[in-house]
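What follows is a structure written as structure tokens; I'll ask about it next.
All values derive from a computational prediction rather than experimental measurement.
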Amino acid sequence: MSGAGHGDLAGRSGVPRAGVRQNDYGPLLPPDLGRWEPRLRVSVVIPAHDCQDALDRTLASLAAQTYPAHLMGVVVVDDGSEPPLRVPEITPAGTRLVRVPEGHWGRGWARQTGAEAAVGDILHWVDSDMILDREHVEAHMRWHHLLPYAVVMGDVRFTSDGTWPRAGEVLSAVEAGDAERLFDGSAPHEWRAGVLKETRWLRDAGTGAHRLHSGASTSVPVALLRSAGGVNTALNMGEDTDLGFRLAQAGAVFIPDPQARGWHLGPSTVMLREKEVHRHNWSVLPDLIPDLRWLRTHPRRTWLVPYVHVVVDVGGARYEDVRASVDSALAGTLVDVAVTVVGPWARLPAGRRPSLDEPLLDLRLVHNLYAHEPRVSFAEEAPAGSAPTPFRLTFPAGWALGADSLAELVKLAESEGYGLLSAVLDEGATGVRAARLERTAAFARAALVAGDTPDGDIDGAVHELFGSLWVSAAEFGVTTAGEAEPVAGDPAKWRAESTRWKREAERLRGEVESLRAETERLRTEAGHQRDERRRGPLGRIIPTTRRQTAPRRGKSG
């Protein structure tokens, strides 16, 4: 490769000073393939189980890549194959084979084992039944030289079942840039193709771009992967879906590259057994991915990862005021929440104390009240972040949310893509106090690029990247604790009440229709009676005499 170095790429990247807005990577200007000078090291990680022939073909295609060999390593992860997998003759230089630790198995463990064995700047997942075009890795890597929080996804096409080529044939075809001749035909996944078309190849997908994340051919900066928590080793299926969601919360931009071509040999498991895959994955993924709202329909369930994390700062408030704040958060119509109460809990003495006269009595009562509530936790300081929970609402004790306050704030943020909503509570000598609804992905992205913004202004970066808005808290039903109505019942009761009123409205609409019909009947009957009164002796209607009024004429000159 030749041409621009990394410094030149950065100079013409087109990235806004504050970073990529939402998922619109369009301003990025990647170099033409073969006309740039790379510098980042990549580890290609291939999880594999009992698939030596398929693995041989995948490694053969990797042996023909245009990305510099001294910057590319390959790690094959043997997930308990019998007999054990081996490194074939045709393979990239320096290919390593590692095994999943004894006593563990599955795709989650295989991917994480590979991630821990990888070296370099970028980790590139590849399935063991893939054949990659010769410029596949290069196409991925050019984006990573432009953006340190890019997650790049290859263009995977699926072949029909058939007789697969040998490794030597694969090497020759890929080296010649003619890998597609190895197959009778191939096609993209229809659902993926539809999403790409609807979203201008994810540029308009916003924070939902992660839904196309797949392990078949995806590359991610190692630092970003670690910040997202790595691969969930408890998952044997759906681990790539879970990881994609967490990468989004860590600030990732998802970029599908049509020039990173690859072929999956035969249809995928999802294509062959879609309903069974969904039945399996939808038993576990709703606990981990709050964005799967249609799978979180139970009105009283508590989920491992909540949709909104509410942080209430005690700040010396009375027990009654803290209780009003926390209870209002727990009792809203948006029930998928967890609450952290921030206060000096370590100062509460554990030994003998005067029960009614201890100095921090109000703090003690708050701890007593919520000690065994599973949705409430205690912290000395506000958590630095709430990932992977998508939203966090922070407000001081002494204020109470209305039944729909949180639901309406989140609805506004979701509909407009805002990264921050600031709801003004009051204004005094010390300034404006506000409840803050923060989008986790927005603040994570802002933290990644804040070094390029004046004074590291995180809120300013969020505004540039996702947008922000000031609103009136009162308009969203937020009041002081003293003005708030006591929490009566729970969301289930409110929903039942709502259903009752809807039925009542339907009943009233029915009555109105009946009254309209009755009115028409009476109007018609009255008309008939008038006609009867006007009939003459021969039964003919006598015409009514109308006074004709001539139009006025204007005065003549």
Handout entry: pair Met153-Leu202: side-chain heavy atoms closer than 4.5 Å
Key = yes
Problem - Asp24 bridged to Arg21 by N-O distance under 4.0 Å - result: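 No, Asp24 and Arg21 are not salt-bridged.
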Handout entry: Side-chain heavy atoms of Leu409 within contact of Leu401, under 4.5 Å
Key = no
Completion exercise
For Tyr418 and Leu412 the tightest heavy-atom approach is CD1-O, 3.9 Å
Fill in the blank from the handout: On a heavy-atom basis, the closest approach of Gly266 and Thr159 is N-OG1, 2.9 Å
Exercise for the section: Report, as yes or no, whether the 6.0 Å neighbourhood of atom CD on Glu511 holds more than 12 heavy atoms from other residues, nucleotides or ligands. Expected result: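 Check passes, neighbour count above 12.
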Handout entry: His210 and Phe245 aromatic ring geometry - parallel, tilted or perpendicular at 30°/60° bounds
Key =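 Correct class here is perpendicular.
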Exercise for the section: Give me the ring orientation class for His189 and Trp191: parallel if the planes are under 30° apart, tilted from 30 to 60°, perpendicular past 60°. Expected result: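 Answer is perpendicular, since the angle exceeds 60°.
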Handout entry: Partner of Arg200 under side-chain contact (heavy atoms from CB on, under 4.5 Å), chosen from Glu198, Arg203, Lys197
Key =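 Single pass found, and it is Arg203.
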Handout entry: Minimal non-hydrogen separation, Arg445 against Val20, with atom names
Key =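 Reported closest heavy-atom pair: NH1-O, 2.7 Å.
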Problem - Within-4.5 Å side-chain heavy-atom neighbours: Pro306 and Asp336 - result: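 Pro306 reaches Asp336 side chain to side chain.
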Problem - Pair Arg99 + Asp78, salt bridge at N-O below 4.0 Å - result: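 Salt bridge present between Arg99 and Asp78.
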Handout entry: Candidates Arg261, Arg157, His264 - the one meeting side-chain hydrogen bond (donor to acceptor under 3.5 Å, both in side chains) with Ser186
Key =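 Testing each of Arg261, Arg157, His264 against Ser186, the sole residue satisfying side-chain hydrogen bond (donor to acceptor under 3.5 Å, both in side chains) is Arg157.
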Exercise for the section: Decide if atom CD of Glu513 counts as having more than 12 heavy atoms of other residues, nucleotides or ligands within a radius under 6.0 Å. Expected result: yes
Handout entry: Any side-chain heavy-atom pair of Val335 and Pro299 under 4.5 Å
Key = no
Problem - Arg192 bridged to Asp155 by N-O distance under 4.0 Å - result: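 Yes.
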Handout entry: OG1-CZ distance between Thr207 and Arg439, expressed to the nearest 0.5 angstrom
Key =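 Those atoms lie 4.5 Å apart.
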Exercise for the section: State the OG1-CG distance between Thr241 and Asn232, to the nearest 0.5 angstrom. Expected result: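 Rounded to the nearest 0.5 Å, the OG1-CG separation comes out at 12.0 Å.
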Fill in the blank from the handout: For Gln249 and Thr389, the nearest pair of non-hydrogen atoms, with its separation, is OE1-O, 4.4 Å
Exercise for the section: Looking only at non-hydrogen atoms, find the nearest pair between Leu123 and Val222 and report the distance. Expected result: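 Of all heavy-atom pairs spanning Leu123 and Val222, the closest is N-CG2, 4.0 Å.
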Problem - Flag for Ser468-His463: side-chain donor and acceptor within less than 3.5 Å - result: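 His463 vs Ser468: donor-acceptor pair found between side chains.
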Exercise for the section: Would you check if Arg392 and Pro383 make a side-chain contact, meaning some heavy-atom pair closer than 4.5 Å? Expected result: yes
Problem - Ion pair Arg246/Asp291, N-O distance below 4.0 Å - result: no
Practice task
Could you tell me the separation between the CG atom of Leu465 and the CZ atom of Phe443, rounded to the nearest 0.5 Å?
Solution key: 10.5 Å
Fill in the blank from the handout: Closest non-hydrogen contact found for Ser268 with Phe158 is CB-CE2, 3.7 Å
Problem - Validation row: Asp79, Trp109 side chains within 4.5 angstrom (heavy atoms) - result: no
Handout entry: Geometric class of the His367/Trp345 ring pair [parallel <30°, tilted 30-60°, perpendicular >60°]
Key =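 If you compare the ring of Trp345 with that of His367, the planes turn out tilted.
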